[in-house]
**Student:** 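Pasting a structure below so you can have a look.
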Amino acid sequence: MKRIKRATILLIACFVLIGAMGCSQSIEKRITSAYQQINEADSLEATLALGLTLTVTSEGTKVPIPAQVAVDITVFQDPIEAKYVASASVFGMSQTISEMYVQQLEDGSGLSYVYEPIEGTWTRAIIAKEEMTGYQSNTYLPSQDALALFQSLEVVETDVIDGVKADVVECKLNVDLIWDWIMEEAGMEEDGVVLDEDTKTMLEDIRTVFESISCQVWIAQKTPDILKIKLDLSALTDLINDALPDALMQSLLDEYDMEDIPSDVEVYFSDLYLELKFDNINQAQPFEIPQEALGSGLI
């Protein structure tokens, strides 16, 4: 369960680090105000999405396959209650792949309830008290100091998000601060964690690529609200294409009990991005944990 949480935070980290940028008046003041609102929110809703295009080529024909994995999040702070619904979509057709609820108990510890659609079953697990703070909305921020995260802020255009006029701001990331936070949240700096040389090299390559990642933040013109945050991760696709296609092809062979795939078939990734949208800050819609989840077996 903790690994699921960390994976979610790792994705969210990449967004929120862009978190609060502004225009007109003072960009710095708007960043500070927007971050403060997230940090102090009693509740919020958000959607975190990882998107890419998978292209398969064969005999000179290219078939681009747009795909996205998204997590819809609802969080209440006191007591901590959270809902996560993960879905995957291909060609715009979406399917729920997991559902999770978190509920804080009177002693400060918590319970998680996870639904696996394929199995059609719920499982329930205990969350230690010291781990519950990781489910609060303000843990999505890698720093309480927004101004420490951003460099080279520039308003580049205006846009409308869900009927709200917004300024779009581009920035560069404070890679040192962000990378240290990601490594900590991913458990890479815990006692006893030993990384092999290949993993170290991979992480160094990824960190180097982070230097060229571009960021955009949509911030409301009339209120200190972050509406959308987007990271263009296309710079990472070379690393992904070097590492994943062979493994992906082997997975297909194993899945469909195939002996071979034609040698002219190639698979590569492009248009990789991370996107985070905030909604209903301090006005999140209440939810109920399904009865079948409450009665599920404890693991």
**Student:** Does Leu50 share a hydrophobic cluster with Leu236, counting links as ILVMFWY side-chain heavy atoms below 4.5 Å and allowing steps through other members?
**Tutor:**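 The answer is yes; both residues are in one hydrophobic cluster.
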**Student:** Contact between Pro224 and Arg30 at the side-chain level, heavy atoms closer than 4.5 Å - yes or no?
**Tutor:**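 Result no, sub-4.5 Å side-chain heavy-atom pair not found.
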**Student:** Classify the side-chain pair Tyr273/Gln68 by whether it contains a donor and acceptor separated by less than 3.5 Å.
**Tutor:**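 The answer is yes; a qualifying pair exists.
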**Student:** For Glu204, does its backbone N or O pair with a side-chain atom of Thr208 as donor and acceptor, under 3.5 Å?
**Tutor:**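 Side chain of Thr208 to backbone of Glu204: a pair is present.
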**Student:** Check whether any side-chain N or O of Ser296 sits under 3.5 Å from a backbone N or O of Ala293 as a donor-acceptor pair, and report yes or no.
**Tutor:**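 Side chain of Ser296 to backbone of Ala293: a pair is present.
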**Student:** Side chains of Ile289 and Gln103, heavy atoms from C-beta outward: is any pair under 4.5 Å?
**Tutor:**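 Yes, at least one pair of side-chain atoms sits under 4.5 Å.
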**Student:** Would you sort out whether Val114 and Thr123 count as a side-chain contact (heavy atoms from CB on, under 4.5 Å), showing the intermediate values?
**Tutor:** CA-CA 5 Å; Val114 178; Thr123 56; 3.9 Å; yes
**Student:** Does a donor on one side chain and an acceptor on the other come within less than 3.5 Å for Asp225 and Gln37?
**Tutor:**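 Yes, because at least one side-chain N or O of Asp225 sits under 3.5 Å from a partner of the opposite role on Gln37.
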**Student:** Distance from Ile213 atom CD1 to Ser234 atom OG, nearest 0.5 Å?
**Tutor:**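 One gets 9.5 Å once the value is rounded to the nearest 0.5 Å.
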**Student:** CE/Met93 to OG/Ser87 distance, rounded to the nearest 0.5 angstrom?
**Tutor:**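 Between Met93 CE and Ser87 OG, I get 13.5 Å after rounding to 0.5 Å.
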**Student:** Short question: side chain of Ser43, backbone of Ala284 - any donor-acceptor pair under 3.5 Å?
**Tutor:**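 Present.
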**Student:** Answer yes or no: is there a side-chain heavy-atom contact under 4.5 Å between Leu111 and Val102?
**Tutor:**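 Not in contact.
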**Student:** Is the CD atom of Glu130 crowded by more than 12 outside heavy atoms at less than 6.0 Å?
**Tutor:**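 Yes.
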**Student:** Closest heavy-atom contact between Ile127 and Met132?
**Tutor:**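 The answer is CG2-SD, 3.6 Å.
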**Student:** List the steps, then state whether side-chain contact (heavy atoms from CB on, under 4.5 Å) holds for Val168 with Val155.
**Tutor:** CA-CA 6 Å; Val168 183; Val155 179; over 6 Å; no
**Student:** Is there a chain of hydrophobic side chains (I, L, V, M, F, W, Y, each step under 4.5 Å between heavy atoms) that links Ile118 to Ile97?
**Tutor:**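 Result: no, two separate clusters.
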**Student:** Within a strict 4.5 Å, meaning less than it, do heavy atoms of the Thr53 and Ile65 side chains meet?
**Tutor:**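 No, every pair of side-chain atoms sits at 4.5 Å or beyond.
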**Student:** Give the intermediate values and the outcome of side-chain contact (heavy atoms from CB on, under 4.5 Å) for residues Leu274 and Leu233.
**Tutor:** CA-CA 7 Å; Leu274 282 169; Leu233 303 179; 3.3 Å; yes
**Student:** With heavy-atom distances below 4.5 Å as the criterion, would you say the side chains of Thr55 and Phe269 are in contact?
**Tutor:**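 No; the side chains remain at least 4.5 Å from each other.
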**Student:** Roughly how far apart are Lys172 NZ and Cys215 SG, rounded to 0.5 Å?
**Tutor:**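 With rounding to 0.5 Å, NZ (Lys172) is 7.5 Å from SG (Cys215).
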**Student:** Considering only NZ, NE, NH1 and NH2 on the basic side and carboxylate oxygens on the acidic side, decide whether Lys165 and Asp159 come within less than 4.0 Å.
**Tutor:**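 No, no charged N to carboxylate O under 4.0 Å.
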**Student:** So, Glu99 versus Tyr84: side-chain donor-acceptor pair below 3.5 Å or not?
**Tutor:**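 No - no donor-acceptor pair under 3.5 Å links their side chains.
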**Student:** To the nearest 0.5 Å, how far apart are CD in Glu154 and CD in Glu170?
**Tutor:**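 Atom-to-atom, Glu154:CD and Glu170:CD are 6.5 Å apart.
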**Student:** Is Glu157 close to Gln216 at the side-chain level, that is, under 4.5 Å between some pair of heavy atoms?
**Tutor:**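 A side-chain contact exists here, since the closest heavy-atom pair is under 4.5 Å.
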**Student:** Can Asp167 and Thr158 be counted as having a side-chain donor-acceptor contact under 3.5 angstrom?
**Tutor:**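 Side chains of Asp167 and Thr158: no pair found under 3.5 Å.
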**Student:** Using ring pair (Phe, Tyr, Trp, His ring centres under 6.0 Å), reason through Trp122 and Tyr115 one step at a time and then give a plain yes or no.
**Tutor:** CA-CA 4 Å; Trp122 287 91; Tyr115 179 67; 5.0 Å; yes
**Student:** About how many Å separate CG of Asp279 and CD1 of Ile161, when rounded to the nearest 0.5 Å?
**Tutor:**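 Answer rounded to 0.5 Å: 11.5 Å.
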**Student:** Is atom CG of Leu298 surrounded by more than 12 heavy atoms (other residues, nucleotides or ligands) closer than 6.0 Å?
**Tutor:**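 Buried by this count: over 12 neighbours within 6.0 Å.
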**Student:** At what distance, to the nearest 0.5 angstrom, does CG of Leu231 lie from CG of Leu272?
**Tutor:**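 One finds 10.0 Å between CG of Leu231 and CG of Leu272.
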**Student:** Decide if atom CG of Asp107 counts as having more than 12 heavy atoms of other residues, nucleotides or ligands within a radius under 6.0 Å.
**Tutor:**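 For Asp107, atom CG is crowded (more than 12 foreign heavy atoms under 6.0 Å).
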**Student:** Has Asn282 got a side-chain atom pairing as donor or acceptor with Asp42's backbone, closer than 3.5 angstrom?
**Tutor:**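 Flag set: sc Asn282 to bb Asp42 pair under 3.5 Å.
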**Student:** Is the cationic atom of Lys228 (NZ for Lys, CZ for Arg) positioned less than 6.0 Å from the six-membered ring centroid of Phe278 and within 45 degrees of its normal?
**Tutor:**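 Checked: cation-pi criterion not met.
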**Student:** Apply side-chain contact (heavy atoms from CB on, under 4.5 Å) to the pair Val75 and Glu81, showing each step before the final yes or no.
**Tutor:** CA-CA 6 Å; Val75 180; Glu81 294 183 343; over 6 Å; no
**Student:** Indicate yes or no: at least one non-hydrogen side-chain atom of Glu275 is less than 4.5 angstrom from one of Ile229.
**Tutor:**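 With C-beta onward as the side chain, the pair stays apart.
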**Student:** Could you check, using the six-membered ring where one of them is a Trp, whether Tyr101 and Phe287 have ring centers closer than 6.0 angstrom?
**Tutor:**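 That pair passes the under 6.0 Å test.
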**Student:** For residues Trp218 and Lys277, determine if any side-chain heavy atom of one lies less than 4.5 Å from a side-chain heavy atom of the other.
**Tutor:**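 The answer is no; the side chains never approach within 4.5 Å.
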**Student:** Does a sphere of radius 6.0 Å around CG in Leu294 hold more than 12 heavy atoms from other residues, nucleotides or ligands, not counting ones at 6.0 Å or beyond?
**Tutor:**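 Counting other residues, nucleotides and ligands, CG of Leu294 exceeds 12 neighbours.
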